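Below, read A as the first sequence line, B as the second, and so on, with proteins coming before strands; counting in each chain starts at 1. Side chains included, hydrogens not; waters and symmetry mates left out as well; all remaining heavy atoms used. Please read these numbers as outputs of a predicted model, since none were measured by experiment.
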Number of protein chains: 2
Amino acid sequence: MAGIEEVARLAGVSTATVSRALSGRGHVSAASKSKVLDAAAQLGYVVSSNASSLASGRTRNIGVVIPFLNRWFFSSVLEGAQGALLRHGYDLTLYNLSGDSGERASVFEHFLLRQRVDAVIAVSLELTEPEVARLHDLGKPLVGVGGPISGVRTLTIDDVAVARLATEHLLALGHRRIAHIGGDLENDLDFHLPTNRRHGYENALSDAGIEVDPRLFAPADFTIRGGFHAAKQLLGVPRDRPTAIFAASDEMAIGSILAARELGLVVPRDVSIVGIDDHDLADFFGLSTVAQFPRFQGEKAVEILMEQLEPGSDSAPPAATPLPFELRVRSSTATPPPA
Amino acid sequence: MAGIEEVARLAGVSTATVSRALSGRGHVSAASKSKVLDAAAQLGYVVSSNASSLASGRTRNIGVVIPFLNRWFFSSVLEGAQGALLRHGYDLTLYNLSGDSGERASVFEHFLLRQRVDAVIAVSLELTEPEVARLHDLGKPLVGVGGPISGVRTLTIDDVAVARLATEHLLALGHRRIAHIGGDLENDLDFHLPTNRRHGYENALSDAGIEVDPRLFAPADFTIRGGFHAAKQLLGVPRDRPTAIFAASDEMAIGSILAARELGLVVPRDVSIVGIDDHDLADFFGLSTVAQFPRFQGEKAVEILMEQLEPGSDSAPPAATPLPFELRVRSSTATPPPA
DNA sequence: TTGAAAGCGCTAACAT
DNA sequence: ATGTTAGCGCTTTCAA
């Protein structure tokens, strides 16, 4: 491993100039810069991040705290963030909080404090007041994705609007008995998300002059299996079966499709089903859904941090653009069967 | 942020003693140690990883290079590795190589060289000779998971044996016409894995005195969709339909189950289906499968590295124990229909 | 067992 | 625009 000194010697300049040329801070003549670049390339020089961080206080490393790795939304956000960081020359250090509360504590009391990261992205995590405060005291920027954190810049789709859109799609097709599979409250990772989606659903019904029937709600855990069981309940009733189901996630919607099939119902002829996400499998199952773009959310979180960490870089302005979502109509929704 | 000096002052010892007491290297009297621990706790002292790394050359950080984040096997390995590392006080820095070859180059030429990691775990990646050499030159231990890397300690299940086991399960039930859905060769991430599984399948058939019929092989891409289409081909033939399918992954097996259903076939009455993985969804679909334990593989990779990085720690001996796998019989396999 | 002090390799004032 | 140099906050010899 060649050091900065060797590069300086080979380029015939001082180490300070090498540092400046390589990091882009401060002015360096084009001539020196190219000499430095050549020398560095020739020696295969790569800056020692530790020495650099120690001297500068910047690590070029972002911590991502995330509760799941094996769920579509989360891995997509992570993928988006990782890609964006790589492009900016940043590393991503991963903290997967798998429920264990001791783990969570040690991450916040220890790992995040050892000056290894410049900023933190928290995915679908309701950070506590002290957790936020701790990061704030350290001067570490923090941005949330997909879960509201009080006092912190957070990227979330408008869950009420998304749910309303999905429900209105069904209403527009003529459905009146629309069931909803939402979150169960034990699933309190992010209490607001299922609640907001339920509100969107209820608002859409109310606006259409339809009374909300609590028997048409079934809770589940956002998995295929959960959606399957919930839909069995909803669709198995002998009379007044709903003609449509709006599930708060694509996985639950897919579970519902499978449940419908098992009950001998043809989707969408007998029952229409719509989800939220545009999961990888949605297309395969012909699922109509409201797409959100978690990858993009991860990228966006990075852009926001870059704005704060490297002001004056080329990143786009952090205008408070709402996150996009989009109805994707496939073959799981149609007009209801004639009464 | 309290520094080591403040801790030293409060504890009434030198910074050297604080360092020793906290890191556990070198001898410290019990008395000093407890004074140091108290002082550190009281001040909320956390060592600066940069300063520590710079001085010691150890980072307590492991790089994980992985091609996918959104697939069950990969996210499970990652989860296992992350958990194990956390327990050892290590951070995990993630490098997700999403196919882009420039990305891969920059990770190996740059990111991994900036002294930010003590070792590297490569998941299902065929590292090239120079890539391995580069890490080797830096003295960074490297361990592979799930893909053979020449000259590197690698954790992989015995794919031949696993496939043989799955196939023998079907044979034992009385099946004779057993189809196989394996990898397509474009899917060359890890060329050996599908090949080995195919060999295991073929070996089992041969040993049972059954001729391998190439028409009973269908390639797919390890996804549900891919398995679905492959199974449609296999099961849609008008005569001599196979009575069983062995799919090289659970996702493809699940696709096969869905395909069978669409063709009006009842699983396992009309066709038996077995996979490999014990994917999260296997249980839901009643899929018989050979379980591998990717989480465990991730943990194990960490243990091996710890052994090298912190000799004499408490880790288990790195005996060359083969990775476990296990047949899980559920409801997707049964005796074949009477001819 | 402990302390003093010399770095680890780089960055950022400051000076020129 | 460039060089000089004093740290960044620890760890680790070395000596006591």
Side-chain angles (χ1 to χ4, degrees), chain A residues 1-37 39-40 43-61 89 110 113-118 138-139 309-310, chain B residues 1-37 39-40 43-61 89 110 113-118 138-139 309-310:
Chain A
M1 289 305 291
I4 197 173
E5 206 132 348
E6 301 173 54
V7 178
R9 212 172 309 134
L10 180 55
V13 298
S14 71
T15 59
T17 299
V18 173
S19 174
R20 284 189 281 249
L22 260 28
S23 70
R25 328 190 146 245
H27 298 259
V28 184
S29 72
S32 324
K33 180 158 185 180
S34 91
K35 276 189 295 182
V36 169
L37 260 32
L43 296 172
Y45 170 76
V46 177
V47 57
S48 153
S49 58
N50 291 313
S52 170
S53 302
L54 183 57
S56 69
R58 277 171 271 106
T59 65
R60 297 183 79 76
N61 188 29
H110 241 87
L113 304 186
R114 37 181 183 182
Q115 314 267 347
R116 206 188 281 269
V117 300
D118 289 336
L138 265 77
L309 294 174
E310 314 201 335
Chain B
M1 289 306 290
I4 198 174
E5 205 134 345
E6 301 173 52
V7 178
R9 213 173 306 138
L10 181 56
V13 298
S14 71
T15 58
T17 298
V18 173
S19 173
R20 284 190 278 250
L22 260 26
S23 69
R25 331 191 143 243
H27 297 260
V28 184
S29 71
S32 320
K33 180 157 186 180
S34 90
K35 277 189 296 183
V36 169
L37 259 33
L43 296 172
Y45 171 75
V46 176
V47 56
S48 152
S49 57
N50 290 312
S52 170
S53 303
L54 182 58
S56 70
R58 279 172 268 103
T59 65
R60 298 181 80 74
N61 188 29
H110 237 88
L113 303 186
R114 36 181 185 182
Q115 315 267 346
R116 201 177 282 219
V117 300
D118 289 336
L138 265 76
L309 295 174
E310 315 202 335

Kindly give the atom pairs (protein nitrogen or oxygen, nucleotide nitrogen or oxygen) under 3.5 Å for nucleotides 5-8 of chain D.
from: D:dC8; atom 1: O2; to: A:A55; atom 2: N; distance (Å): 3.3

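- Considering only heavy atoms from C-beta on, A:T15 stays 4.5 Å or farther from A:V7 through its side chain.
- Side-chain atoms of A:S14 lie closest to D:dT2 of the nucleotides C:dC10, D:dT2, D:dC10.
- We find that NZ of A:K35 is positioned 14 Å from P of D:dA1, with the value rounded to whole Å.
- The structure places OG of A:S53 at 8.0 Å from CG of A:N61, a figure rounded to the nearest 0.5 Å.
- Side chain to side chain, A:S32 and A:S29 meet the donor-acceptor criterion of an N or O pair below 3.5 Å.
- Distance CZ (A:R60) to C1' (C:dG9): 17 Å, rounded to an integer number of Å.
- Note on A:T17: a side-chain N or O is less than 4.0 Å away from OP1 or OP2 of D:dG3.
- Heavy-atom minimum distance, B:L54 versus A:N50: N-CB, 4.1 Å.
- Taking each heavy atom of B:S14 and B:A8 in turn, the nearest pair found is C-CB, 3.7 Å.
- Taking CZ of A:R114 as the reference point, atom OG of B:S52 lies at 9.0 Å (rounded to 0.5 Å).
- For the pair A:R20 CZ and C:dC10 P, the interatomic distance rounds to 15 Å; values are reported in whole Å.
- As a whole-Å value, the separation of B:Y45 OH from D:dG9 C1' is 7 Å.
- Near DNA chain C, meaning a heavy atom under 4.0 Å away, the residues from residues 21-31 of chain B are B:H27, B:V28, B:S29.
- If you take OG1 on A:T17 and CD1 on A:I4, they are separated by 9.5 Å, rounding to the nearest 0.5 Å.
- For the OP1/OP2 pair of C:dG9 and a distance below 4.0 Å, the side-chain nitrogens and oxygens of A:S48 include no atom meeting the criterion.
- The residue B:S53 sits apart from the nucleic acid: no heavy atom pair falls under 4.0 Å.
- Contact annotation for A:V18: no contact, since no heavy-atom pair falls under 4.0 Å across all strands.
- Looking at B:E310 and B:R58, no side-chain N of the basic residue comes within less than 4.0 Å of a carboxylate O on the acidic one, giving no salt bridge.
- Taking atom CG of A:L113 as the reference point, atom C1' of D:dC10 lies 17 Å away to the nearest angstrom.
- For the atom pair A:T59 OG1 and A:D118 CG, the distance stands at 3.0 Å (nearest 0.5 Å).
- To the nearest 0.5 Å, atoms CZ (B:R116) and CZ (A:R116) are separated by 8.0 Å.
- Checking the phosphate oxygens (OP1, OP2) of C:dT11, a side-chain nitrogen or oxygen of A:S52 falls inside 4.0 Å.
- Regarding B:E5, its CD atom lies at a distance of 14 Å from the C1' atom of D:dT11, rounded to whole Å.
- Within the nucleic acid shown, A:R114 has no heavy atom closer than 4.0 Å to any nucleic acid atom.
- Rounded to whole angstrom, the span from the CZ atom of B:R116 across to the P atom of C:dC10 amounts to 14 Å.
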Checklist entry - B:M1 and A:Q115: side chain to side chain contact (heavy atoms under 4.5 Å, CB included), yes or no, with the steps? => result CA-CA 10 Å; B:M1 289 306 290; A:Q115 314 267 347; 3.7 Å; yes

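- Taking atom CZ on A:R58 and atom C1' on C:dT11, their separation rounds to 8 Å, with Å as the unit.
- Residue A:K35 qualifies as enclosed at atom NZ: its count of foreign heavy atoms under 6.0 Å is above 12.
- Over its full length, the helix from C:dT1-D:dA16 to C:dT16-D:dA1 turns its helical axis through 30°, comparing axes from the five pairs at each end and rounding to 10°.
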